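Data first, discussion second: the structure below is written as structure tokens.
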There are 2 protein chains.
Amino acid sequence: MLDNAQCPDCKRINEVLSRVGDRWSVLVVIYLARYGTMRFNELKRTLGISQRMLSLTLKELERDGLVNRTYHPTIPPKVEYNLTEMGQSFREPVSALGYWALENLNEIDAARQAYDKTVAK
Amino acid sequence: MLDNAQCPDCKRINEVLSRVGDRWSVLVVIYLARYGTMRFNELKRTLGISQRMLSLTLKELERDGLVNRTYHPTIPPKVEYNLTEMGQSFREPVSALGYWALENLNEIDAARQAYDKTVAK
DNA sequence: CATGGCGGTTCCCTATTTGTAACCGGGGTT
DNA sequence: AACCCCGGTTACAAATAGGGAACCGCCATG
């Protein structure tokens, strides 16, 4: 399976990216960076994510130290999420990726169509 | 499932990230950016990826117009991969992400341990 | 009294991802 | 003859991700 002469960083980069690199995490970070502080259902409505996945994603992000969770025991309860310092530092590479994605979506679609045409005849 | 008032960009960002955002694609792009041109088994050995996943990943990257595939019908066959222009432009946000991952891996691990200690007692 | 919102958790089920192993042709090496 | 390399493809199995729906306490509203 694993070959012998691997790069030393690969495994570690891979580890981090598999933690924070899924698309829900990325979207949550993008929107927390953009709006500063958001509540649970606010994120849910904005992102179009299921309650379950949002809960899991936020828990993971909190565990990884990227997101702060603040619980206000009011009625009704109010839970606010915002980025930690590390989360802020993550914002830069992530939003760079997001912007790239937006800028190149059309070109990717075109490349796909061209590729499919040459292959699938 | 999906709520009503979604952000317009979410779906599109999501689309692109789900295409190019998996960790093998990211690693392939990072290493092609670093070394310019690489052969199939060279990538395989370097990245510690299975033959099957590398094949699938490269095919997707080629389809999305990020990677060029050059087949030399020599004996033994030689297939070289390098980044297209769009792949080059992808390099910046991606390597920023890779560097961030390397720089913050330790802090993430520490945050995890701290979190697990407070919760799982 | 029923309903709804908030912020979740839990169960169930399916779909996608990923790994493992075998195989392919075509040739070289021992 | 037996094995290895290159660059894959295919079949199968296992793990994981992800959605949907139901439920929770607590209170307000109608």
Side-chain angles (χ1 to χ4, degrees), chain A residues 1-6 10-11 14-15 17-28 31-32 37-63 67-82 119-120, chain B residues 1-6 10-11 14-15 17-28 31-32 37-64 67-82 115 119-120:
Chain A
M1 55 149 165
L2 289 185
D3 236 310
N4 34 359
Q6 298 175 36
C10 271
K11 278 220 307 271
N14 213 323
E15 277 175 40
L17 292 185
S18 61
R19 285 181 204 170
V20 296
D22 66 295
R23 56 186 189 285
W24 287 130
S25 297
V26 167
L27 277 183
V28 167
Y31 277 80
L32 285 184
T37 293
M38 296 181 80
R39 302 179 59 176
F40 185 88
N41 278 327
E42 194 178 0
L43 277 167
K44 187 186 155 208
R45 276 188 291 267
T46 307
L47 301 183
I49 183 178
S50 74
Q51 201 157 3
R52 180 179 163 276
M53 283 314 296
L54 179 57
S55 175
L56 292 176
T57 301
L58 286 171
K59 225 185 292 179
E60 269 298 301
L61 287 174
E62 190 196 354
R63 182 171 179 240
V67 158
N68 259 323
R69 180 182 184 273
T70 312
Y71 173 66
H72 303 277
T74 58
I75 302 292
K78 182 177 178 180
V79 181
E80 292 183 320
Y81 293 91
N82 64 330
V119 170
Chain B
M1 57 148 163
L2 289 186
D3 235 311
N4 34 358
Q6 297 176 37
C10 270
K11 279 219 307 269
N14 213 323
E15 276 175 41
L17 291 184
S18 61
R19 285 182 205 168
V20 297
D22 66 294
R23 55 188 190 287
W24 287 129
S25 298
V26 167
L27 277 183
V28 167
Y31 276 80
L32 285 184
T37 292
M38 295 181 79
R39 303 179 58 175
F40 184 87
N41 278 326
E42 195 177 0
L43 276 168
K44 186 185 156 210
R45 275 187 290 267
T46 307
L47 301 182
I49 182 178
S50 76
Q51 199 157 5
R52 182 178 163 278
M53 284 312 298
L54 179 57
S55 175
L56 292 176
T57 301
L58 286 171
K59 225 186 290 178
E60 269 298 300
L61 287 174
E62 190 196 355
R63 182 171 180 241
D64 287 349
V67 157
N68 259 323
R69 178 182 185 273
T70 313
Y71 173 67
H72 304 277
T74 58
I75 302 290
K78 180 176 180 181
V79 181
E80 292 182 320
Y81 294 91
N82 64 329
Y115 182 92
V119 170

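It should be emphasised that the depicted structure is a prediction, and the values quoted were computed from it without experimental measurement.
- B:L32 and B:Y81 make their closest contact through CD2-O, 3.5 Å (heavy atoms, listed as atom of the first residue, atom of the second, distance).
- Taking atom CE of residue A:M38 and atom C1' of nucleotide C:dG7, one finds them 15 Å apart after rounding to whole Å.
- Contact annotation: A:K59 reaches the phosphate of C:dT9 (side-chain N/O to OP1 or OP2, under 4.0 Å).
- A straight line from CG of A:L56 to C1' of C:dT9 spans 10 Å, rounded to a whole angstrom.
- A:L54 has its CG atom 10 Å from the C1' atom of C:dG7, to the nearest Å.
- A:E60 has its CD atom 15 Å from the C1' atom of D:dG18, to the nearest Å.
- Expressed to the nearest 0.5 Å, how far CZ of B:F40 lies from CG of B:L58 amounts to 6.5 Å.
- Remark: A:R69 is in phosphate contact with C:dG8, judged by side-chain N or O atoms under 4.0 Å from OP1 or OP2.
- B:L54 has its side chain out of reach of B:N41: every pair of non-hydrogen atoms, C-beta onward, lies at least 4.5 Å apart.
- Atoms NZ (A:K44) and C1' (C:dT9) sit 13 Å apart, rounded to a whole Å.
- Computed from coordinates, the A:Y71 OH to C:dC6 P distance equals 15 Å when rounded to whole Å.
- A side chain to side chain donor-acceptor pair (under 3.5 Å) with A:E80 holds for exactly one of A:R39, A:H72, A:R69; it is A:H72.
- Distances from the side chain of B:M53 to the nucleotides D:dG7, D:dG18, C:dG19 place C:dG19 closest.
- With hydrogens and angles ignored, no donor-acceptor pair under 3.5 angstrom links the side chain of B:R52 to the base of D:dG8.
- The pair A:K59-A:E62 fails the salt-bridge criterion, with no side-chain N (NZ, NE, NH1 or NH2) lying under 4.0 Å from an Asp/Glu carboxylate O.
- Taking atom OH on B:Y81 and atom P on D:dG7, their separation rounds to 8 Å, with Å as the unit.
- With a 4.5 Å cut-off on side-chain heavy atoms, A:L27 and A:T57 do not count as touching.
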Can you check each nucleotide of nucleotides 22-30 of chain C against protein heavy atoms at under 4.0 Å and return B for base, S for sugar-phosphate only, - for none, in 5' to 3' order? -----S---
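- Look at CD1 on A:I49: it is 12 Å from P on D:dG20, rounded to the nearest Å.
- Between B:R45 and D:dC6 there is a side-chain N or O to OP1 or OP2 distance below 4.0 Å.
- For C:dG5, the OP1/OP2 oxygens have no side-chain nitrogen or oxygen of A:K78 closer than 4.0 Å.
- Here the side chain of A:S55 is nearest to one of C:dT10, C:dC6, C:dG8, namely C:dG8.
- The side chain of B:V79 approaches D:dG8 more closely than any other nucleotide in the set C:dG7, D:dT9, D:dG8.
- To the nearest 0.5 angstrom, B:L56 atom CG is 11.0 Å from B:L61 atom CG.
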